[in-house]
Amino acid sequence: MLGENKPQEAYRKWEAMQDLADLHWSVIGHLQTNKAKLVARFASEFQALDNLRVAEALERRLQAEGRALDVFVQVNTSGEASKYGLSPEDVPAFIQALPAFTALRVRGLMTLALFSSEAERVRQCFILLRTLRNQLRQSAPASIGLDELSMGMSGDFEIAIEEGATVVRVGQAIFGARPLPDSHYWPGELSTEEAQP
């Protein structure tokens with residue numbers, strides 16, 4: 001399972017490696033509705049579902065492709081305005097709406113923790129997601145799977161595993177940091193660091 005947070009980059013890699021039958025692609029980052037067509041074409045999994053417009057766009061494209069897609073609902077557990085994801089209090093109603101999208105197979109919840117060197121502050125994000133998932137299991141529709149918790153990246157995956165993560169995203173720990181800024185790989189898009197004055 002390989003993951004990318006840029007659908008276009010993932011699609012190019014998928015095209016180049018279609019002969020590898022056992023390779024599955026996960027799209028992890030925020031998705032604009034106009035990129036749903038790409039994701040519906042090649043991805044096995046989408047880990048950042050956080051609004052119904054994207055769900056509708058994916059459903060329409062997946063139905064046209066005759067495919068289904070595993071999805072994780074992204075929750076903003078840090079409360080940071082810079083992060084995508086639903087606020088924890090908005091997740092129950094969102095989960096109740098998802099059975100209408102039959103091509104989307106909900107597997108669980110996903111979060112990006114607070115970026116901090118204070119382990120206990122990071123841990124609180126993971127505890128919040130696990131607690132929310134456990135509460136949602138009581139009322140979730142039968143077709144909604146909440147077995148998986150995707151939380152933890154290269155800098156905090158050990159804490160995430162301690163708090164119940166079943167999926168971790170560890171690109172830099174395996175491949176190392178990219179040697180050049182994001183703008184080199186995606187011209188026309190500024191990285192967070194470059195966008196700041």
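Remember, predicted model here, so these are calculated numbers, not experimental data.
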State, with a plain yes or no, whether a side-chain heavy atom of [X] is found less than 4.5 Å away from one of [Y].
X      : Y      : result
Leu52  : Phe101 : yes
Arg137 : Asn134 : yes
Leu136 : Leu109 : yes
Leu149 : Phe126 : no
Leu98  : Val71  : no
Leu62  : Glu65  : no

If the threshold is 4.0 Å, N to carboxylate O, is there a salt bridge linking Asp156 and Arg169? no
Check this for me, if you would: do Glu56 and Arg53 make a salt bridge, where the nitrogen-to-carboxylate-oxygen distance has to be below 4.0 angstrom? no
Around Arg61, counting heavy atoms of other residues, nucleotides and ligands shown, do more than 12 lie under 6.0 Å from its CZ? no
Please report the shortest heavy-atom distance between [X] and [Y], naming the atom on each side.
X      : Y      : result
Leu69  : Ser44  : CD1-C, 3.5 Å
Leu114 : Lys83  : CA-NZ, 4.2 Å
Val75  : Thr111 : O-OG1, 2.7 Å
Leu146 : Ala140 : CD1-CB, 3.8 Å
Met151 : Ala165 : O-CB, 3.4 Å
Leu132 : Pro88  : CD1-O, 4.0 Å

Are [Y] and [X] co-members of a hydrophobic cluster defined by side-chain heavy atoms under 4.5 Å apart?
X      : Y      : result
Ile159 : Leu129 : yes
Ile127 : Phe157 : no
Leu49  : Phe42  : yes
Ile95  : Leu128 : no
Leu86  : Ile144 : yes

Is it the case that the side chain of [X] and the backbone of [Y] share a donor-acceptor pair, with hydrogens and angles ignored and the cut-off at 3.5 Å?
X      : Y      : result
Asp50  : Gly85  : yes
Arg107 : Asp147 : no
Ser78  : Ala113 : no

Hey, could you give me the CD/CD distance between Gln47 and Glu148, rounded to the nearest 0.5 Å? 9.5 Å
Go through Leu112 and Gln74 one step at a time and tell me if the side-chain contact (heavy atoms from CB on, under 4.5 Å) criterion holds. CA-CA 8 Å; Leu112 300 170; Gln74 184 174 358; 3.9 Å; yes
Go through the structure and list residues passing side-chain hydrogen bond (donor to acceptor under 3.5 Å, both in side chains) with Asp70, not counting sequence neighbours. Arg105
Under the ring-ring contact (aromatic ring centres under 6.0 Å, His included) definition, can you give me all pairs with a residue in residues 61-88, not counting sequence neighbours? His30-Tyr84
Would you check if there is a donor-acceptor pair between the side chains of Gln63 and Thr102 at a distance under 3.5 Å? yes
